[in-house]
Amino acid sequence: MALAISLIWIVQGRAQSAEQQTGADMIVFNAKITTGSLTKPQASALAVKRGKIYAVGTNKEILNLKGNDTKVIDASGKRLIPGINDAHIHILNDRSYNYNVRWEGVPTLRRALEMLSEQAKRTPEGQWVKVIGGWSPYQFKENRLPTIEEIRKAVPNRPAIVQYAYNRAYLNDMAMKAFGVGTSKFPALPGTVFEKDKKGNYTGIVEGYTFTFISLESMVPQPSYEEQLSSITNVINSLNRFGVTTALDGAALIGHPNGHTPIKQLVKENRLNVRMPFIDLQFGDASSGSLVDAEINAVTKKSPVSPGENLHQTMAHGHEYEGAGELLRMELHDHENFDRPAVIINKDSMRRYIREDITKLVERGIPFRMHISYDENITPFLDELEEINKKTPFDGLRWSIEHAETISLENAARVKRLGGGIALDTKLAMHGEAFVKTYGAEKASQTPRLRELYHSGVPLTMTTDAFRVASFNPWIGISWMTTGKSISGMEVLAKNNRLTREEALKLFTVAPTWFEDNEREMGKIIPGNLADFVILNKDYFTIPDDEIKTISSSLTVVNGRVVFGADEFKNLSPKLPETLPLWSPFRYYGGFYNNKD
């Protein structure tokens, strides 16, 4: 009798366990699904199980997979696409995100200055009023930069810095005093220009290149650890609002592992709401001879990590080491200031340093990415890579050139032969007018060579390179790629150099997977792929051209879990912790104008 009862309990337990395992974890139906698959390009419903898509089909087919615990979501006929994958962004450099007034999406300079004035009244003594990148003067109705007088008037009682990309900064009098403008305290790095008035006094306008502005950021009050964690949480939420489900961190100024502490905390609390593979940079390590030496030392001795190793225990590709870059040598950095002529690197220096650095990485099987904006610098870079490959074959090692705005088709073909890829970015959507002023409309119309590069066969992706030189909103760039118009509405790209909507979307969904070495797992809505997808607030494929840049997410799903909800899906959105500090501009304005709870 006891044996019989035991067997009954075992059978019932197994039956209950089997019942729990049947049925989908989530079903989305009544959707216009763009799958990205040639086999089944369209569908109306999908089912998710254990973080993966396990069925795609009609409403009837998929709803038959419903179990007792299935979360069922009616998409109400909205467009559903694979998650946006930004393969070059700088999340970890925005640990002060909550301290900044974000001008992204602000329609008028008048309103932008009002936001500064409002924030100045909230900012406590000892803190600054800051706008650090992500915006463009061409987004404003006034179509111009602010004046220093306007900045001073808006913020009369706190230090203020307004930074435009890595091109220019506006400092009020209190900021100039704090920075020590005119003294040895100010980091007057090569290329830095201090504007003076007719009397020889500094006006507060500083022009320069990347490292000048990075130095200034390090000299202002820094956030506490709790504020950093709150900032990174809000950065990721801002990305989720526009449908970003994967964001490859393209190197942080504070490298692995110390700079990744906030990410480790989010992983521990199951709050990392985006897949975040990363490229590593050991900036400021005085104990090593070069940045590459420092990187090799870091990943082999200080905090060992292997290329492709995922540091997230429960989410595939959640926090994965992807190699070294994008800055390999400070001497080889050609910046991206389109208000000035191209920075051309000495060819002999390029070849010598690349020979030293890349050989070490290839020998150790460490993938690498190299920031190069201009074709004049890409040529000697590839010259040396070809020589290295002869002696130390890359043998399938993935590498890429980042940005490459003016790369020629000849050099693109060389990249392909060497097994590399090209990661373009959307900066010219925001700074196309500046490029026209510097290089002319004809060159701008073919920069980058989108149409020809797309068909060249070289691995190609599009990125934002946010949060300084461009906006983190990928739809601004997608609009530029498809309509040819910059953020001001000016036609920049020639008609024969634009992409279709389907092609542009691929560069932000399936194309990035080559650069992250996960082509068989991401970028498409197909069975077996990871369950990362977005329900859009507008139908990307049918709305008028001028509405593309206004697209955002109604529902964002990462790893089969809802990470963001708006509109009719707002109640599904996870609640975020309170933003710190309490005076943070993010609490009042969010990360993108008029796009917050």
Side-chain angles (χ1 to χ4, degrees), residues 33-37 41 79-91 104 236 238-250 274-277 317 400 402-405 421-430 448 450-451 453-454 458-467 469-484 487 493 498-516 518-519 521-526 529-530 532-541 543 545 547-553 556-558 564 592:
I33 301 178
T34 298
T35 67
S37 167
R79 179 68 61 181
L80 188 153
I81 64 169
I84 299 292
N85 186 335
D86 192 339
H88 186 123
I89 192 170
H90 295 278
I91 291 175
E104 281 152 299
I236 293 170
S238 295
L239 295 174
N240 293 155
R241 284 179 179 275
F242 290 102
V244 176
T245 57
T246 296
L248 188 145
D249 195 86
V274 69
R275 299 185 201 273
M276 205 194 89
H317 309 297
S400 62
E402 308 293 292
H403 313 313
E405 282 88 357
I422 300 170
L424 301 174
D425 61 59
T426 60
K427 285 196 287 285
L428 286 173
M430 300 188 68
L450 275 180
R451 168 55 55 198
L453 287 172
Y454 186 88
V458 66
L460 182 74
T461 192
M462 186 60 69
T463 73
T464 66
D465 195 21
F467 289 78
V469 295
S471 172
F472 61 84
N473 179 355
W475 298 100
I476 293 173
I478 291 173
S479 174
W480 161 73
M481 286 189 280
T482 55
T483 69
I487 199 168
L493 289 177
R498 301 172 191 174
L499 301 182
T500 67
R501 296 191 190 193
E502 182 179 18
E503 290 168 341
L505 186 63
K506 284 181 178 179
L507 290 186
F508 262 117
T509 53
V510 69
T513 62
W514 182 92
F515 295 79
E516 297 153 1
N518 52 34
E519 298 100 309
E521 299 175 83
M522 296 171 64
K524 297 180 181 180
I525 308 293
I526 58 174
N529 267 26
L530 299 173
D532 299 350
F533 55 86
V534 187
I535 296 177
L536 302 177
N537 69 331
K538 297 181 180 181
D539 190 337
Y540 169 61
F541 289 101
I543 58 174
D545 284 350
E547 290 189 34
I548 293 175
K549 60 179 177 288
T550 68
I551 289 175
S552 61
S553 170
T556 304
V557 173
V558 176
F564 175 80
F592 199 91

Query raised in the report: Considering all heavy atoms of both residues, which atom of P82 and which atom of T34 are nearest to each other, and what is their separation?
Result: CD-O, 3.2 Å
Query raised in the report: Say you draw a straight line from CD1 of I487 to OG1 of T426; how long is it, rounded to the nearest 0.5 Å?
Result: 9.5 Å
Query raised in the report: Any idea which heavy atoms bring I81 and R79 closest together, and the distance?
Result: CG2-CG, 3.9 Å
Query raised in the report: Of all residues at least two apart in sequence or in a different chain, which pass the side-chain contact (heavy atoms from CB on, under 4.5 Å) check with D425?
Result: H403, E405, K427, T463, D465
Report summary line: Test side chain to side chain contact (heavy atoms under 4.5 Å, CB included), reference N85, set V510, T245, T246, V274, output is T246
Query raised in the report: Is there a donor in the side chain of E516 and an acceptor in the side chain of H317, or the other way round, less than 3.5 Å apart?
Result: no
**Report entry** OG1-NE2 distance between T464 and H88, expressed to the nearest 0.5 angstrom
**Finding:** 8.0 Å
Report summary line: Between the CG atom in N529 and the NZ atom in K524, the distance rounded to the nearest 0.5 Å is 8.0 Å
Report task. Answer yes or no: is there a side-chain heavy-atom contact under 4.5 Å between W480 and M462? Result -> yes
Requested in this report: Grab the two heavy atoms, one from S552 and one from R241, that are nearest each other, plus how far apart they are.
Outcome: CB-O, 3.5 Å
Query raised in the report: Mind checking whether I543 and I551 have side chains closer than 4.5 Å, heavy atoms only?
Result: yes
Query raised in the report: How far does CG of L536 sit from CZ of F242, to the nearest 0.5 angstrom?
Result: 12.0 Å
Requested in this report: Rounded to the nearest 0.5 Å, what's the gap from OG on S37 to CD1 on I526? Could you check?
Outcome: 6.0 Å
Report task. State, without any angle test, whether N240 and T556 hold a side-chain donor-acceptor pair at a distance under 3.5 Å. Result -> no
**Report entry** Side-chain donor/acceptor of R498 to backbone N/O of T482, under 3.5 Å
**Finding:** no
Query raised in the report: Heavy-atom distance under 4.5 Å between the side chains of Y454 and M481, does that happen here?
Result: no
Requested in this report: Could you tell me how the ring of F472 sits relative to the ring of F592: parallel (under 30°), tilted (30 to 60°) or perpendicular (over 60°)?
Outcome: perpendicular
Query raised in the report: Under 3.5 Å, is there a donor-acceptor pair between the side chain of D86 and the main chain of A247?
Result: no
